Amino acid sequence: MSKYLITIGLETHVHLKTHTKMFCGCATEFGSEANTHVCPVCLGYPGALPVMNGEAIKQCVIAGLMLGCEINHYSTFDRKNYFYPDMCKDYQITQMEKPLCIGGGVTIDTPEGSRRVRIHHIHQEEDAGKIIHYARHSGVDFNRCGTPLMEIVSEPDLSSPDEAMAYLHNLRQILVYAGVSECNLEEGNMRSDVNISVRPEGQEELGIRAEIKNMNTFKGIYAALEYEIERQLYIVKKGGTITQETRRWDADLGETQSMRTKENAHDYRYFPEPDLVPVTLDKEMVEQWRAALPELPAARRERMVKEYGIPEYDAGVLADEKPNADFFEIAAKLCGEFKTLSNWFMTDVMCLLSESGKTITQCSLTPKSLAELVTLVKKGVINGPTAKELLPELFNDGLMPAKMVEERGLAQVSDSGALESFMNEVFEANEKSVADYLAGKKAAAGYLTGQVMKLSRGKADPKLVNKMIAEKFAGMGG
Amino acid sequence: MSQSIDVAYVSELARIALTDDETKLFQGQLETIVDYVEKINGLDLDNIKPTMHGQVSTNFFRDDVVSPSLDREAVLDNAPARTDSEFKLPKIVEDA
Amino acid sequence: MEDIATLTLAGALDGLKKKEFSSVELNQALVDSIDKKDGDLKAYLKMDPEYILKQAAESDQKRAAGDDSSLLGVPIAIKDLINVKGESCSCASRQLEKYNALYDATVAAKLRYAGAVFAGRTNMDEFAMGSSTENSAFQITRNPHNLECVPGGSSGGSAAAVAGGEAIAALGTDTGGSIRQPASFCGCVGMKPSYGRVSRYGVTAYASSLDQVGPMTKTVEDAAILLKELAGFDPHDGTTLDVKVPDYQAHLTGGMKGLKIGLPKEFYVDGSDPEVSQAVLKAVESCRAAGAEIVDVSLPHTEYAIAVYYILATAEASANLARFDGVRFGHRAESPKSVFDLYAQSRAEGFGTEVKRRIILGTYVLSSGYYDAYYGKAQKARTLIREDYTKAFEKCDVLMTPVSPTPAYKIGEASQDPLKMYLGDIFTVPANLAGICGISLPCGSTRGGLPVGLQILGPAFGEERILKTAYAFEQMQGA
Ligand SMILES: [Zn+2]
């Protein structure tokens with residue numbers, strides 16, 4: 001039985017983080033009422049002309065620099081002609097001949113070690129509108145039409161669905177770190193087309209590929225790849241041939257399906273966009289942008305280990321999502337308790353995040369409130385259990401812990417006079433436990449401490465109570 | 001003489017349904033025109049840079065600042081068919 | 001009130017300023033004139049007296065309040081492919097019969113700012129594709145000098161209106177001669193500015209790298225006045241250049257003395273109507289007599305211009321006209337069975353024959369396997385044509401040529417043979433390919449009484465120079 005090699009390449013479309021569309025001043029805001037962010041340009045009205053959003057060009061170049069691309073110092077735009085109701089001009093303005101960025105790559109970890117997945121190029125283009133399907137008709141909303149979109153085209157360097165996932169995960173992380181996209185999958189900020197082929201081991205040339213279009217969840221891509229590999233292997237092993245075609249992933253049925261496309265669907269008749277003059281990026285400016293680039297995820301992990309003395313594991317977890325790392329670093333600067341803070345974040349906070357389905361920027365917890373909470377525990381103002389009880393309110397309602405402690409009188413009781421009287425009361429009411437202890441059953445001390453805590457309604461400092469009980473027994477000759 | 005033009009294919013690409021008479025008429029006319037324009041093959045164009053624009057300039061950018069959009073009612077009223085908020089189309093089964 | 005037929009833009013502005021007449025009186029006279037003449041000429045697709053007089057009354061109020069905007073109260077006719085907010089803009093196509101412009105083209109906004117009255121929508125070849133205005137989906141415009149003849153095209157409605165006493169001045173567009181050739185056929189002044197001089201924003205595109213808006217007027221001075229209002233950098237059009245707009249009118253001084261006029265030999269070959277050649281050469285001779293130096297120049301790639309033009313223009317058009325798909329605006333076929341049908345039927349019903357022909361030609365030259373052979377080569381050949389002009393303008397200040405090989409021809413005469421029709425653009429098309437400016441002005445007429453135009457070409461952004469030359473020539477003619 002011969003082995004088969006799998007080859008995967010990805011074309012990933014990413015929304016840039018601009019305020020306005022690629023070629024007009026309409027807002028890119030997500031979730032607005034249909035057809036409220038439209039103008040002559042993004043509706044393709046007669047006579048309307050595109051004018052480039054300079055910020056989008058900058059963001060695309062920054063993404064390219066972060067991914068190690070060469071920047072094309074002379075870049076042009078082209079028209080890609082195809083008719084579809086969501087494409088307002090029935091051509092898309094894109095870059096065919098001279099894209100902004102060439103080359104580059106994304107490093108992924110594989111069981112065989114880390115490997116660089118090469119990027120072929122990155123070009124800048126515009127998104128289409130949205131078609132909504134109803135029972136008896138379809139509707140079109142052009143709000144999204146014209147949103148700046150960069151397309152990152154990988155080389156066919158991936159050989160399994162797991163590698164594809166690692167690539168997408170790391171790519172997304174770098175783009176978020178670059179600050180050029182939210183990469184919000186639910187909002188369709190990051191969508192991929194997948195090219196996939198199989199071939200018997202030993203065969204040089206790639207097998208015939210199928211393309212699966214427009215998937216916006218990683219889970220979907222993974223499932224689609226698994227399905228498609230199975231499908232192609234089944235055909236090839238039976239001696240059949242793969243048809244070069246475009247397929248669609250049906251998540252409900254869990255299968256890819258052939259899209260019935262016209263024979264001429266790929267005759268795009270590209271030609272240079274006469275309405276847009278070329279972009280020239282002088283070397284000095286690009287170097288300035290390069291010098292001001294944000295840190296890459298790997299560099300940040302390293303730096304966090306060094307700067308905060310936290311374990312590599314912690315740094316990895318925290319830096320995985322840039323907003324989390326940002327949050328941690330601000331809080332760290334406020335409270336100085338790095339390892340404790342990291343523990344709080346990685347256990348309690350992340351637990352709340354996953355329960356609520358929110359991101360750190362969506363919830364009401366602030367670096368200041370978490371830093372304050374950790375400081376209160378450290379200073380012994382409140383104890384750990386109290387702090388854990390407060391956290392959900394910081395998380396959900398944005399309350400500040402010091403104020404809550406004050407208003408609710410939650411400060412620990414460390415006044416030894418008060419504790420003394422609690423202790424005496426407990427010793428009188430629990431003669432048996434006292435006797436047990438004196439008879440050598442040291443565990444009884446724990447019970448007595450618990451009783452003192454109970455009397456203080458949880459506010460006593462348990463360490464102090466332990467100490468006082470030990471001293472009292474010592475005085476009793478225990 | 002130029003290759004014969006597949007008028008049916010090209011008109012499909014251009015999304016214009018031609019009648020048989022039109023197809024026949026265009027077949028001859030387009031071949032005559034294409035035959036004529038092929039006179040550019042008589043030029044030596046090696047090492048000549050293409051002219052892609054009406055004038056020579058670069059870097060024309062817009063600031064990333066939101067400007068007002070059109071009134072939705074007016075926009076949808078211009079459409080051949082509309083709903084309250086969308087452009088209306090016959091149901092799309094699928095033919096990209 | 002003077003006769004609209006002879007009233008110039010300068011005269012109208014002067015009369016309004018001196019309160020010899022009000023804008024309402026002026027515009028009423030215009031409306032009366034259109035009512036009287038347009039039954040024959042059919043220059044206008046749409047003219048709404050109420051709308052015109054309302055604008056006129058407003059401008060009279062503004063003037064009374066001290067407003068002295070540069071074109072206040074003067075009616076300007078608009079070619080029906082320029083968007084003016086709230087007006088129709090059919091491009092003489094069934095496709096856009098019901099389309100309503102929701103925004104102002106930059107040139108419309110500039111006219112609005114200058115206080116002009118929007119006087120009506122002039123007829124044209126559908127989507128500016130044609131040289132006779134016979135390709136309008138709605139009506140055939142006639143030549144004011146001979147009603148059996150075409151007015152030229154594609155801005156035939158604007159030319160006929162200006163020359164026929166139905167407009168004081170008008171806007172046209174010129175992609176391959178569509179201002180200059182009808183100006184020549186009808187006997188008025190028509191100017192194509194350099195590419196990048198006037199904004200194209202809001203002007204329904206035919207061929208984006210060639211289109212320009214320009215003035216169509218009775219005199220060179222009027223062209224200078226109107227061009228100053230239209231020209232300039234536009235943040236909505238990335239192909240406009242940020243070059244200062246001179247006061248063209250103020251520079252209309254001086255004569256022919258010292259001027260170097262180039263005669264490109266490729267424009268004086270057999271094949272032109274002898275009456276046209278004679279009239280043009282006579283004009284050149286009179287310039288020499290007035291002190292100009294005449295030099296022979298060569299534009300060796302002229303013979304390729306038509307081929308290059310019809311490849312590039314139709315290719316760009318095939319994309320520019322894709323948006324007329326019956327989804328967001330314009331004509332939609334009844335109950336299409338699929339999205340493909342929605343497009344193919346709507347476009348088949350909405351477009352006329354010439355538009356279909358050019359879209360299909362443009363689609364063909366871009367289609368898979370043919371790009372390099374046609375579009376790629378044409379772009380390179382365009383470079384050679386541009387270089388011809390750069391070299392020629394090293395030897396002379398302006399070029400003088402005929403506008404069209406023939407005077408106006410009979411309606412129906414040329415429309416059966418597209419290639420023959422295209423070849424008629426040979427003297428105008430190169431200026432668009434080269435991006436330079438050109439003006440057409442009357443220089444005589446045929447024995448049959450049809451006007452003949454003289455074309456004066458200048459380098460890119462040399463509008464001042466050709467206006468000066470044209471003005472000097474016009475003064476000599478008038479004298
Ligand atoms: Zn817009």
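What you are looking at is a predicted structure, and each value in this text was computed from that prediction instead of being measured. Proteins get letters first, then strands, A, B, ... in listed order; numbering begins at 1 in each.
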Heavy-atom distances under 4.5 Å only: say whether [X] touches chain B with side chain, backbone, both or neither.
X        : value
C/Glu316 : neither
C/Ala373 : backbone
C/Tyr422 : side chain
C/Tyr103 : neither
C/Thr353 : both
C/Leu312 : neither
C/Phe233 : side chain

Please examine the side chains of [Y] and [X], heavy atoms only from C-beta on, and report whether any two atoms are closer than 4.5 Å.
X        : Y        : value
C/Leu361 : B/Val37  : no
B/Thr51  : C/Arg386 : yes
C/Tyr364 : B/Val34  : yes
B/Leu43  : C/Lys377 : no
B/Leu45  : C/Thr383 : no

Would you compute the distance between atom [atom1] of [X] and atom [atom2] of [Y] and round it to the nearest 0.5 angstrom?
X        : Y        : atom1 : atom2 : result
B/His53  : C/Gln379 : NE2   : CD    : 9.5 Å
B/Phe60  : C/Asp234 : CZ    : CG    : 7.0 Å
B/Arg82  : C/Arg328 : CZ    : CZ    : 16.0 Å
C/Ile306 : B/Tyr36  : CD1   : OH    : 6.0 Å
C/Gln416 : B/Gln29  : CD    : CD    : 9.0 Å
C/Tyr375 : B/Met52  : OH    : CE    : 9.5 Å

Problem set entry | Neighbours of chain B found in residues 204-212 of chain C - heavy atoms under 4.5 Å |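 At a heavy-atom separation under 4.5 Å, chain B is reached by C/Ser209.
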With chain B, which of [options] has the greatest number of heavy-atom pairs at distances under 4.5 Å?
options                                : value
C/His331, C/Arg347, C/Lys380           : C/Lys380
C/Ser318, C/Pro235, C/Gly196, C/Gly350 : C/Pro235
C/Ile359, C/Asn432, C/Leu241, C/Leu342 : C/Leu241

Strictly distance-based, threshold 3.5 Å: is any side-chain N or O of [X] a donor or acceptor partner for the main-chain N or O of [Y]?
X        : Y        : answer
C/Arg332 : B/Leu89  : no
B/Gln55  : C/Thr239 : yes
C/Asn100 : B/Asn78  : no

Which pair of heavy atoms, one from [X] and one from [Y], lies closest together, and at what distance?
X        : Y        : value
C/Ile360 : B/Ser11  : CD1-CB, 3.9 Å
B/Lys39  : C/Tyr304 : O-CE2, 3.4 Å
C/Ala348 : B/Ala17  : CB-O, 3.1 Å

For this session: Pick whichever of B/Leu13, B/Ile40, B/Asp77 has the most heavy-atom pairs under 4.5 Å with chain C.
Result: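 Winner by heavy-atom pair count: B/Ile40.
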Exercise. Using non-hydrogen atoms and a limit below 4.5 Å, what part of residues 64-76 of chain B faces chain C?
Worked result: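 Those residues of residues 64-76 of chain B which have a heavy atom under 4.5 Å from chain C are B/Leu70, B/Ala74, B/Val75.
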